[in-house]
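All remarks here apply to the structure that follows.
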Amino acid sequence: MVLVKRKRVVKSPEHRRDELLNAAVRVFAEKGIAGATIADVAEAAGVAKGTFYLYFTSKEHLLAALRERFVTEVLAHARSYLDRVGQDDWWELADALIEGWIDFDLEHRDVLYVFTREGLTKQTQDIFAECERKLTEMMALGIQAGMESGAFKVSDPVFTASFLHHALEGAVLEEILKGAELDRDRLVAAGKELVRKVLSP
């Protein structure tokens, strides 16, 4: 019998770090932040516990990295729509934004579930509040540009952006926290209808 030696898979530090973060999301969603251990995360990532400490010094450090990655991804996703302002048809862009926003939240439902269900530390609250402020600001800039083109008509683009932002985010978060099967198409249709009714001249 000939034994075949398994080839060792070498992964980049960035890839390994992402695997640990992804494993942490799964573990935290299942066991909660307080109930999960570093050993649980390492096992879920398929690495030794010692490997974990090559990337993170503690569970708190891991949480901070998870929070930072999520906020970076959220803002990059939002900017991709802001960059299209003035280039795409206004209503096509508005519809794409709603669809993309809801899909992004659903793709990141485990992260949203973990941070929302577990309650937020003061530091996390501050970071997420700043992220929310930037998202509302970007949406307001888009609405203002749409007003200047004659496509949209509202009396206060900043507060309109805030209301729309929190209405959409709140509706999706409520569905995620219910833990039931989500009707993505229904959420998208309602979101598009709301935005059209609010922004139409």
Any chance you could measure [X], atom [atom1], to [Y], atom [atom2], to the nearest 0.5 Å?
X	Y	atom1	atom2	answer
Leu75	Leu135	CG	CG	5.5 Å
Asp40	Lys49	CG	NZ	9.5 Å
Trp101	Leu106	CH2	CG	13.0 Å
Thr51	Leu20	OG1	CG	8.0 Å
Thr136	Phe159	OG1	CZ	10.5 Å
Leu21	Glu68	CG	CD	10.0 Å

Between [Y] and [X], is there a side-chain donor-acceptor contact under 3.5 Å, judged purely by atom types and distance?
X	Y	value
His15	Glu19	yes
Asp83	Ser80	no
Arg17	Asn22	no

Under-4.0 Å salt bridge between [X] and [Y]:
X	Y	result
Asp103	Arg184	yes
Lys192	Glu99	yes
Glu193	Arg196	no

Task: Check: Phe115 ring centre within less than 6.0 Å of Phe128 ring centre - done: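 Judged by ring-centre distance (under 6.0 Å), Phe115 and Phe128 do meet the cut-off.
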Ignoring hydrogens, what is the shortest heavy-atom contact between [X] and [Y]? Give both atom names and the distance.
X	Y	value
Trp91	Val195	CZ3-O, 4.3 Å
Leu82	Gly142	CD1-N, 4.2 Å
Phe28	Ile33	CD2-CA, 3.9 Å
Leu168	Gly191	CD2-CA, 3.8 Å
Ala23	Val41	CB-O, 3.8 Å
Asp88	Arg84	OD2-NE, 2.7 Å

Task: Cluster overlap Val158 with Ile143, hydrophobic side-chain contacts below 4.5 Å - done: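 Per the 4.5 Å side-chain linkage, Val158 and Ile143 are not co-clustered.
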Task: same_hphob_cluster(Val47, Leu62) at 4.5 Å side-chain heavy-atom cutoff - done: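 Shared cluster, yes.
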Open item on the list: Parallel, tilted or perpendicular: which one describes the rings of Phe56 and Phe52, with boundaries at 30° and 60°?
Closed with: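 Tilted.
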- [ ] Can you tell me which residue pairs pass the salt bridge (Lys or Arg N to Asp or Glu O under 4.0 Å) test with a partner in residues 132-149, sequence neighbours excluded?
- [x]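 Of all non-adjacent pairs touching residues 132-149, those that pass salt bridge (Lys or Arg N to Asp or Glu O under 4.0 Å) are Glu130-Arg133, Arg133-Glu137.
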Please examine the side chains of [Y] and [X], heavy atoms only from C-beta on, and report whether any two atoms are closer than 4.5 Å.
X	Y	answer
Glu169	His165	yes
Tyr53	Ser58	no
Leu97	Met139	yes
Ser200	Phe152	no
Asp89	Leu93	no
Trp90	Leu199	no
Val27	Glu43	no

- [ ] Say whether, by atom type as modelled, one donor and one acceptor occur between the side chain of Thr116 and the main chain of Tyr113 under 3.5 angstrom.
- [x]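 No: the side chain of Thr116 does not pair with the backbone of Tyr113.
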- [ ] Spell out, as yes or no, whether a donor-acceptor pair under 3.5 Å connects the side chain of His166 to the backbone of Ser162.
- [x]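 A pair under 3.5 Å: yes.
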Task: Phe70 and Leu112: CA distance, side-chain angles, deciding distance, side chain to side chain contact (heavy atoms under 4.5 Å, CB included) verdict - done: CA-CA 9 Å; Phe70 178 67; Leu112 288 166; 3.6 Å; yes
Open item on the list: Looking at Phe104, I want to see if its CZ is surrounded by more than 12 non-hydrogen atoms of other residues, nucleotides or ligands under 6.0 Å.
Closed with: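 It does: Phe104 CZ has more than 12 such atoms within range.
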Task: Stepwise side chain to side chain contact (heavy atoms under 4.5 Å, CB included) test for Leu182 and Arg109 - done: CA-CA 11 Å; Leu182 292 166; Arg109 71 179 73 187; 3.4 Å; yes
